Participant: 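I'd like to ask some things about the structure below.
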2 protein chains.
Amino acid sequence: MEDETFDDITEDSSVGPAQRVFHALSSAPRRKILAYLSASGLTAGEIADRFSMSKPAVSQHLSILEAAGLLRREKQGQFVHYSLIENNLVNTLNGFVQEVCPVGRPIKKESQARARRKESP
Amino acid sequence: MEDETFDDITEDSSVGPAQRVFHALSSAPRRKILAYLSASGLTAGEIADRFSMSKPAVSQHLSILEAAGLLRREKQGQFVHYSLIENNLVNTLNGFVQEVCPVGRPIKKESQARARRKESP
DNA sequence: AAGGTAATTAGGTAATTGCTTAATTAATGA
DNA sequence: TCATTAATTAAGCAATTACCTAATTACCTT
């Protein structure tokens, strides 16, 4: 009944989904890409324009994020359109927090506190 | 009123607190350590015993987690006792999800869904 | 004070990362 | 069909990571 808890974490060897997500998130440029995409979908070029690094470098970051299941790639003519997949991110982070923080109360509380703060500043 | 949102992510240069947390979480052994500590505090040796790698290697992981503000180090005699600090983890992850996922609804919903699932399986 | 145990620091190394530029693939439009 | 633009793949390289063993520090016991 609580065996499940460590399974995801103990997927230690041979890179699993959670590992891919956490690795993807460990890079500031990649987190920045996610933040950009949270506002609206963008083409690879539009994303690259927002960084000072080369286009191939950004392309690589995008494929890491895609492999982690954090964003979707849609070819539209000669452009490639990227957009966010929220589910995986939310599930992975939340699942992890549930494992580490007893009963998952903390993040729920925090989430509610933040929501309240936004309502009445 | 929503300027704050990108600040944490745009701390790109010169390693900031969020970067340290995400980097700390990017390692499977380190996530495993957090999971162990979620059950109870442990000494460095007790933690090292749970891994097949050398003690110094574990010690290094511990200091990375400590630098990220995820756990606390307490010297007790000749032992060093480690225990979890939940706050930083929860705040960082939740803060990030709030930035990437519109209005932070998703994680709250997920959290509640999970809570419900645990109540009535 | 000497010997033993817990833990970290120091030093070294093989593998990986994060970029670069150059080459390639694919779609558009004259 | 040929040149142009978007994007990725390929090849290469400096810097970092993740481990190891050996040495050191700190504390406890006798």
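Keep in mind the model is a prediction, meaning the values are calculated, not measured. Below, chains carry the letters A, B, ... as their sequence lines are ordered, and counting in each starts from 1.
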Participant: Determine the contact category for A:S27: base if any of its heavy atoms lies under 4.0 Å from a base atom, sugar-phosphate if only primed atoms, P, OP1 or OP2 are that close, otherwise nothing.
Facilitator: nothing
Participant: What nucleic acid atoms does B:S63 come within less than 4.0 Å of, heavy atoms only: base, sugar-phosphate, or nothing?
Facilitator: nothing
Participant: Without swapping roles, check the side chain of A:Q19 against the backbone of B:S26 for a donor-acceptor pair under 3.5 Å.
Facilitator: yes
Participant: Choose from D:dT17, D:dT8, C:dT8 the nucleotide whose nearest atom is closest to any side-chain atom of B:H23.
Facilitator: D:dT17
Participant: Does some side-chain heavy atom of A:H23 sit less than 4.5 Å from a side-chain heavy atom of A:R30?
Facilitator: yes
Participant: Atom CD of B:Q60 and atom P of D:dT21: how far apart are they, to the nearest Å?
Facilitator: 14 Å
Participant: To the nearest 10 degrees, what angle separates the axes at the start and end of the helix from C:dA1-D:dT30 to C:dA30-D:dT1, five pairs each?
Facilitator: 20°
Participant: Should the side chain of B:Q78 and the base of C:dT5 be counted as holding a donor-acceptor pair, with the cut-off at 3.5 Å?
Facilitator: yes
Participant: Reading DNA chain D from 5' onward, which residue's closest nucleotide shows up sooner: B:R30 or B:P56?
Facilitator: B:R30
Participant: Would you mind telling me which of C:dA7, D:dA18, C:dC19 lies closest to the side-chain atoms of A:H61?
Facilitator: C:dC19
Participant: Rounded to the nearest angstrom, tell me the gap between atom CE in A:M53 and atom C1' in C:dT17.
Facilitator: 13 Å
Participant: Rounded to whole Å, how long is the line connecting atom NZ of A:K55 with atom P of C:dA22?
Facilitator: 17 Å
Participant: Report which part of the nucleic acid A:A57 touches: base, sugar-phosphate, or nothing (heavy-atom distance under 4.0 Å, all strands).
Facilitator: base
Participant: Nearest whole angstrom, please: distance from the P of D:dA26 to the NZ of B:K75.
Facilitator: 7 Å
Participant: To the nearest 0.5 Å, tell me how far B:I33 CD1 sits from B:F51 CZ.
Facilitator: 4.5 Å
Participant: Can you tell me how far P of C:dT8 sits from CD of B:Q76, to the nearest Å?
Facilitator: 13 Å
Participant: Picking from C:dA7, D:dT17, C:dT20, which would you name as closest to the side chain of A:S54?
Facilitator: C:dT20
Participant: Can any side-chain N or O of B:R31 pair as donor or acceptor with the backbone N or O of B:L25 at less than 3.5 Å?
Facilitator: yes
